[in-house]
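Structure first, commentary second.
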Amino acid sequence: MDNLQIQNMATTYEARKIEEEIYKFWETNECFKADAKSKKEPYSIVIPPPNVTGVLHMGHALDGTLQDILTRYHRMRGYEALWLPGCDHAGIATQNVVEKQLAKEGKSRHDIGREEFVKITWDWANDHKSKILNQFKKLGASFDLSRARFTLDEGCSRAVKKVFVDLYNKGLIYKGSYIVNWCPRCQSAISDIETQYENEEGKLWEISYPLKDEMGAIVIATTRPETMFGDVAVAVNPNDYKYKDLIGKKCVIPLTGREIPIIADEYVDKSFGTGALKITPAHDPNDFEVGRRHGLKSIKVIDEQGRMIACSEVHPELHGRDRYDARERTLRMLKDHQVLVRITDHLHAVGKCQRCNTTIEPLLSEQWFVKMEPLAKAAIEKVKDGSIKFVPSRWEKNYLMWMENIRDWCISRQLWWGHQIPAYYHKKTGEMVVALENPDPDNYRQDTDVLDTWFSSGLWPFETMGWPDTNSDDYKKFYPTTTLVTGFDIIFFWVARMITMGLEFTKVPPFSTVYIHGLIRDENGQKMSKSKGNTIDPVEIIEKYGCDAMRFTLTSLCTYGGQDIKLSNERFEYGRNFANKIWNASRFVLMNLTKSGKDLKLDPKDFSIADRWILNELNKVIKEVNENIENYRIGEVASILYDFFWNYYCDWYVELSKIEKNEAVMAYVLEQSLKLLHPIMPHITEKIWQLMPVEKSEAALMKTDFPVYNKEFEFEYESEQMQNVFEAIKSLRNLRADFNIPVGSKINIKIDGDEDLFSKIIPYIKRLARVENVEFEKNSKDEKHCAYCSVGDTKIIVPLEGLIDINKEIERQNKKIQKFEAELNSLNARLNNEKFVNSAPKEVVEQTRARTKEIKTEISTISELISKLS
RNA sequence: GGGCGUUUAGCUCAGUUGGUAGAGCGCCUCCCUUACAAGGAGGAUGUCGGGAGUUCGAGCCUCUCAACGCCCACCA
């Protein structure tokens, strides 16, 4: 080949240079653009939109790689494939970032006002949207950027408003005063799943509440004494004999003198603490329920900043103090009044804000909620009946458990960045209207709250396709989407909501398969996080090892069970080495092709036994690769291809080609391999393919057809014969190693056995086992000073006068016999067992018999050889 | 308290309907044989966490115990 480009191929794969060049090539040629008007069957994936605040991390790299593999595979399989990219506006996270920036200038958002703040945040978001998507490009992502969306863009806003208004009109959204998780730092309510519980060492204080009208007291236990000013009752279990007589009576809250009733409620656990519980409906979700059951009012004693209020009359010194400060002061007073009975250590779970880790304050507050139970019904149904499948399936159970115990979703957030709630209040009468637009801006003001970020991401699969315009081309072509790829950490946050909303508003599941992969962890199994400093930056890995190398490594680590993936820098050497192997094998092939175009057409007449063998192996691999991708066993695909390309094509076929080559087959197997590898390693395969002088119907490999099983290339018989040849060659190499025969010194052999086969492959043996002369000889008379190999009943005799120690050779052969005999014994044990012969499947019995026969042959061959030696 | 996962070679992990163990890295020996030392040839290494059961046969199925990890719900 006189092609200059091929001559100039570097001896190591220069990943970054080539990857950037190839990605540009795809972009310039608009290879990723999906055509909504195409006649092809659609395949679509929407990206889990990364936060605008984010930078690319390994989780994205894995998630993105898998989506890209599926997209590229289906594109090559003839689907109209769309991978739709986009970003999430990430309400709290983004607002936090911008507020921090303002704080550096000594300002708060209140100083500049809502309008200005939102404007600044938009600028910031616009800036970062492209940053994160550009980073995704470094992954080789074949997503259609012309369709990139943002959860706060016009289309999404329209969808969000419509969904909100519709749900409201159906009575599935309501506003009300309930206990919510309040983050005193974010100054907003957050949902239950945004609250993360951490175990903390705390104290359990037992406080004596004196009875009214009689002697004695009831001792309650609490972890939060400062809330006692908001107590409205003391509750005991109705079956608790200790307190039987006190039910219905009254007691007095210490430090205040306020009288409260002693009530009975099943909720109270007799065995915990003192068995008596103070009820503070305004600051505890369980107490709130108890309070409601008993018609008790709520007294709010902590405000939205986490400061004490409403105790000013009795204890003005507490007013306005932080809740923890107030706790200390309250305890001191209780001690002084001698009502603090006992203090014990107590490990308990404390709710933290997912975004800022501030301790959550359960607070009575007016918020918007989605009534989930009626919506969950269909979402449960469609997973149960298999319309939506989780892979691996165990996540279905997880999903169903959550959905079946679902609680209402608090969707309002007291933030400025997000979809403002489309509820409007009359400035004078306070009358509320929920509508797509403000009915009369002069007289109505809009609700100041915004929606939970997950409200808009819950609509992602259809809002990005043009919904509510169900006539849009994209909606008609690409919705519902096919596969959703994500980590298990957002099944509740996101997947469940998309299913729920999708079914409610589009009447079909938004996707048919949810492919859940594991999470990326560091080498010690710890979650990667910036604060721990244990992150591995994908961009750095790409720079150092190459994108395809990273993709291959990540892919190979994906197990079918979706186990978490422990990563270290070194693991990427695996992918890099493989990329380099592909590069160099291709370089060799390209350099050795003298033909091109039509001259490289396969002609079965020219197939040698080796050609048939490799074509047969390739064919099997093609079948397995297709099956495994279809079944989301993507890690398996990586290892099948690694094994085939390296251990079959490179180690054997290319080596054999140095002796006797069939250019057409050599090129064909390479081209097919490149296609098979393309979804995982798109750049290197595209580059090499473009250098190949084969006939091309497309300008890009990524546009060609993915290989499919071809019955014409079934050559099982030749395949088995070649396995024998390889066995023989390995045996000879083995022998050389055992007797320390240097590679430089050639050996001669005599073959006694399958002359028909071995005569065909003499050149292979000569070259690969470094043999000088081959003779065929029945019942060879050579005896002493020989070493032996055997493959089946074929004997290979290696006269090695003076080079070998006879005793050592006997020992060597005996070892082999021992191995075979061990196996033979276990096989015989089985065959002598009547129950095995009767109850095992026929094929298994047959196999066992056949194997026994094989082993017996081997043993007798070897024994014969030994007898000649001794 | 409920659920899930993990336990296999020194390390990291595969092992798809049960037929007696594999890869990468690491280790040992030899080799720069004109695609590749990010390479080639050969080699060593496992009572598959413990115990019991089902079966002709168990890494795989059932039960149980242990250790580690995750999720959900929480006792104020």
Quick check on side-chain contact (heavy atoms from CB on, under 4.5 Å): which of A:L670, A:V669, A:V621, A:I640 does A:F645 satisfy it with? A:L670
Listed nucleotide nearest any side-chain atom of A:E636, set B:G5, B:A14, B:C56: B:A14
Can we say A:R812 and A:D738 salt-bridge, meaning some charged N sits less than 4.0 Å from an Asp/Glu carboxylate O? yes
Between B:C48 and B:A9, how far apart are the C1' atoms? Round to whole Å, please. 10 Å
Record whether the side chain of A:R767 comes under 3.5 Å of the base of B:U33 through a donor-acceptor pair of N or O atoms. no
Considering only side-chain heavy atoms of A:A840, which listed nucleotide, B:G19, B:C4, B:C13, is closest? B:G19
Residues A:E361, A:R323: salt bridge by 4.0 Å N-O rule: yes
Roughly how many Å is it from CZ in A:R736 to P in B:G42, rounded to a whole number? 12 Å
Check: B:A41 base within 3.5 Å donor-acceptor of A:E655 side chain: no
Contact summary for A:I193 and A:F493, nearest pair of heavy atoms: O-CZ, 3.1 Å
Going by an N to O cut-off under 4.0 Å, is there a salt bridge joining A:R571 and A:E523? no
Give me the one residue out of A:Y545, A:F572, A:F578 that meets ring pair (Phe, Tyr, Trp, His ring centres under 6.0 Å) with A:F552. A:F578
Within the 4.0 Å heavy-atom criterion, would you say A:K278 contacts the bases, only the backbone, or no part of the nucleic acid? nothing
Closer than 4.0 Å, any side-chain N/O of A:K658 to the OP1 or OP2 of B:A35? yes
With rounding to the closest Å, how many angstrom separate the C1' atoms on B:U54 and B:C60? 14 Å
Closer than 4.0 angstrom, basic N to acidic O: yes or no for A:E821 and A:K819? no
Counting only non-hydrogen atoms, which of residues 822-829 of chain A are less than 4.0 Å from RNA chain B? A:S826
Categorize A:G275 for me: base, sugar-phosphate, or nothing, with a 4.0 angstrom heavy-atom threshold over every strand shown. base
Proximity to the side chain of A:K566 - top-ranked nucleotide from B:G19, B:C13, B:G40: B:C13
Report the nucleotide, chosen from B:G5, B:U16, B:G39, that has the shortest atom-to-atom distance to any side-chain atom of A:R633. B:U16
Just compare B:C72, B:A38, B:G42 and give me whichever is closest to any side-chain atom of A:T12. B:A38
Tell me: CG of A:L557 to P of B:C25, nearest whole Å? 13 Å
Which nucleotide in B:G5, B:A76, B:G19 has an atom nearest any side-chain atom of A:H346: B:A76
Given B:G42, B:C36, B:C70, identify the nucleotide with an atom nearest to the side chain of A:F488. B:C70
Examine B:A14: is either OP1 or OP2 under 4.0 Å from a nitrogen or oxygen in the side chain of A:S639? Give yes or no. no
With sugar-phosphate meaning primed atoms plus P, OP1 and OP2, does A:D269 contact a base, only sugar-phosphate, or nothing at under 4.0 Å between heavy atoms? base
Quick one: which of B:U33, B:U12, B:C36 gets closest to the side chain of A:R770? B:U33
Of the candidate nucleotides B:G42, B:A76, B:A14, which contains the atom at the shortest distance from the side chain of A:T559? B:A14
Taking only the P atom of each, what is the distance from B:C27 to B:A38 in whole angstrom? 14 Å
A:F492 side-chain proximity, nearest of B:C72, B:G24, B:A35: B:C72
Taking the basic N atoms (NZ, or NE/NH1/NH2) and the acidic carboxylate oxygens, is any pair closer than 4.0 Å for A:D240 and A:K270? no
Below the 4.0 Å mark, does B:G5 have OP1 or OP2 next to a side-chain nitrogen or oxygen of A:Q563? no
Specify the residues of residues 576-585 of chain A, ordered by number, for which at least one heavy atom lies under 4.0 angstrom from an atom of RNA chain B. A:R576, A:N577, A:N580, A:K581, A:N584, A:A585
For the pair A:K544 and A:E573, find out whether any cationic side-chain nitrogen is under 4.0 Å from an anionic carboxylate oxygen. no
Would you sketch RNA chain B in dot-bracket for me? Only Watson-Crick or G-U wobble pairs with both distances under 3.5 Å count, crossing pairs as [ ], other-strand pairs as |, the rest as dots. (((((((..((((.....[..)))).(((((.......))))).....(((((..]....))))))))))))....
Is the closest basic N to carboxylate O distance between A:K352 and A:E200 below 4.0 Å? yes
